[in-house]
Amino acid sequence: MTDLLLLLDYLSDGQFHSGEDLAVELGVTRTAIWKKIQKLNAILPVKIISVHSKGYKIKNPLTVLNKNRILDYLPAEFHSQLNQLEVLLECTSTNQYLLECLEQNQLKNGVVLAETQTQGRGRRGRYWVSPFGSNIYMSLSWQMGISIAEMAGLSLVVAISVAKALQKFGIDDVMLKWPNDVYVDGRKLAGILLELRGESNSPCSAIIGIGVNVNMPEDMADKIDQPWIDMQQLLKKQVNRNKVAAMILNELIPRLQQFNKTGFSGFMNEWEQLDFLAGKVINIEGHMQLSEGVASGVDKQGALLVEYKGQVQALYSGEISIRPKNLIRHN
Ligand code: BTN
């Protein structure tokens, strides 16, 4: 844990902590503590105040992400499979961070989480709103046993894993909108950004980025360009982000191992139970031949099957929206 995160962890209880005590805990001088507090105040939306003879106190208590608490929720067998689990105070994008580690050959299987991202990335070049200390911004780097050509369907499997973890938290009505949007009541709860690296015929690396809205601050609402929801609104109680991160990893890691063996075909039943689009009339953007149809499940590669005028086509990419009133045009 970096010094700044450790300091924030001590202060997160909302109580006063003297500069002297903090200096002992971190093994640095009181001046160093003062400097670190200035740095934290430059990043945090909630300020740390300093009161003479009492010390430092954060205005609003918060639960910070903590590597050891996440590890506590993970079974021992996963500890040995993860070469790295890192929590950052701030980064551009957790996916970008792991891609850079990978390029420098510094990582095989590892996880990174950040309290905030300054350039959070969404699919299709979109921006992922990443306010401090509110949500999950997590990426997992995983060495797959198969090549990029065999990876079709992996992003759906990641979405299934996130949905299963959310169900375990009590969010029963979670659904998946192809290829990997996690929805509740037609509003986005989580998103996935998969980036692959590797030569065409050799085992590739997957960087799996997962963003979950846990407790989105209200002042962020107008920055998000689509209907959204967060876990706290759904569950009507404080949500432990360390546990959310761990529960997702618990669901994801075994599925990645299974995907290496069976590809997407081993997950078709799970997908069917979560398929939000099934039977709905949809509009398709970014596809040359087809712009509308009825969503009819997925094939063994995870491609979306779309029925139009009695014919079924498999779609490997495209942006799907649901037609209002669910009416199909006939021309
Ligand atoms: C989407 O557009 O639905 C995908 C959103 C993915 C966001 C996550 S947050 C953690 C990781 N780092 C990023 O920059 N993006 C992904």
Side-chain angles (χ1 to χ4, degrees), residues 65 70 84-103 107 109-142 154-163 165-166 174-184 186-197 205-217 220 223-231 239 241-242 244-249 251-252 256 274 276-277 285-286 302 304 317-322:
L65 292 170
I70 297 172
Q84 174 186 351
L85 195 158
E86 232 182 308
V87 174
L88 308 172
L89 197 62
E90 181 184 70
C91 70
T92 52
S93 145
T94 51
N95 267 32
Q96 182 59 29
Y97 184 86
L98 286 187
L99 282 168
E100 284 166 16
C101 293
L102 199 65
E103 273 158 27
L107 175 73
N109 294 342
V111 177
V112 65
L113 292 109
E115 287 288 6
T116 181
Q117 302 183 116
T118 52
Q119 290 164 44
R121 300 207 288 247
R123 288 198 307 124
R124 304 184 152 256
R126 293 201 188 101
Y127 176 67
W128 189 255
V129 175
S130 310
F132 187 91
S134 316
N135 300 314
I136 293 286
Y137 320 115
M138 172 166 77
S139 298
L140 169 70
S141 172
W142 200 257
L154 180 67
S155 73
L156 284 73
V157 171
V158 178
I160 291 171
S161 313
V162 173
L166 293 169
V174 60
M175 300 292 274
L176 299 177
K177 177 173 164 252
W178 185 90
N180 58 21
D181 285 334
V182 181
Y183 269 61
V184 170
R187 290 182 285 177
K188 189 151 165 170
L189 178 60
I192 288 145
L193 178 68
L194 182 64
E195 301 187 69
L196 301 174
R197 291 291 181 276
S205 292
I207 304 286
I208 300 165
I210 300 170
V212 185
N213 299 332
V214 178
N215 184 19
M216 187 68 83
M220 289 290 137
K223 293 199 167 63
I224 305 175
D225 61 359
Q226 56 185 320
W228 61 273
I229 185 96
D230 64 28
M231 289 182 76
V239 177
R241 287 183 301 140
N242 292 307
V244 177
M247 300 269 276
I248 292 174
L249 294 172
E251 295 294 329
L252 182 55
L256 291 176
L274 293 161
F276 175 61
L277 293 180
E285 253 177 63
L304 180 67
S317 65
E319 181 80 348
I320 308 297
S321 57
I322 294 174

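Ligands are counted one by one from 1 in listed order, and the atoms in each one are counted from 1 as well.
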Note every protein N or O atom lying under 3.5 Å from an N or O atom of ligand 1, pairing the names and giving the distance.
{"from": "ligand 1", "atom 1": "2 (O)", "to": "R123", "atom 2": "N", "distance (Å)": "2.7"}
{"from": "ligand 1", "atom 1": "3 (O)", "to": "K188", "atom 2": "NZ", "distance (Å)": "2.5"}
{"from": "ligand 1", "atom 1": "12 (N)", "to": "T94", "atom 2": "OG1", "distance (Å)": "3.1"}
{"from": "ligand 1", "atom 1": "12 (N)", "to": "Q117", "atom 2": "OE1", "distance (Å)": "2.9"}
{"from": "ligand 1", "atom 1": "14 (O)", "to": "S93", "atom 2": "OG", "distance (Å)": "2.8"}
{"from": "ligand 1", "atom 1": "14 (O)", "to": "Q117", "atom 2": "OE1", "distance (Å)": "3.4"}
{"from": "ligand 1", "atom 1": "14 (O)", "to": "R121", "atom 2": "N", "distance (Å)": "2.7"}
{"from": "ligand 1", "atom 1": "15 (N)", "to": "R121", "atom 2": "O", "distance (Å)": "2.7"}

Run the side chain to side chain contact (heavy atoms under 4.5 Å, CB included) test on N180 and R123 for me, step by step, so that the C-alpha distance in whole Å, both residues' side-chain angles and the decisive distance to 0.1 Å come before the verdict. CA-CA 10 Å; N180 58 21; R123 288 198 307 124; 3.3 Å; yes
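Atom CD of Q226 has more than 12 heavy atoms from other residues, nucleotides or ligands within 6.0 Å.
Side chain of R241 to main chain of N135: a donor-acceptor pair is present (N/O by atom type, distance under 3.5 Å, no hydrogens or angles). Judged purely by atom type and a 3.5 angstrom limit, Y97 has no side-chain atom pairing as donor or acceptor with the backbone of L113.
For N95, the side-chain hydrogen bond (donor to acceptor under 3.5 Å, both in side chains) criterion is met by S139, E195, not counting sequence neighbours.
With D181 as reference, K188 is the one residue of R124, R126, K188 to meet the salt bridge (charged side-chain N to carboxylate O under 4.0 Å, His left out) rule.
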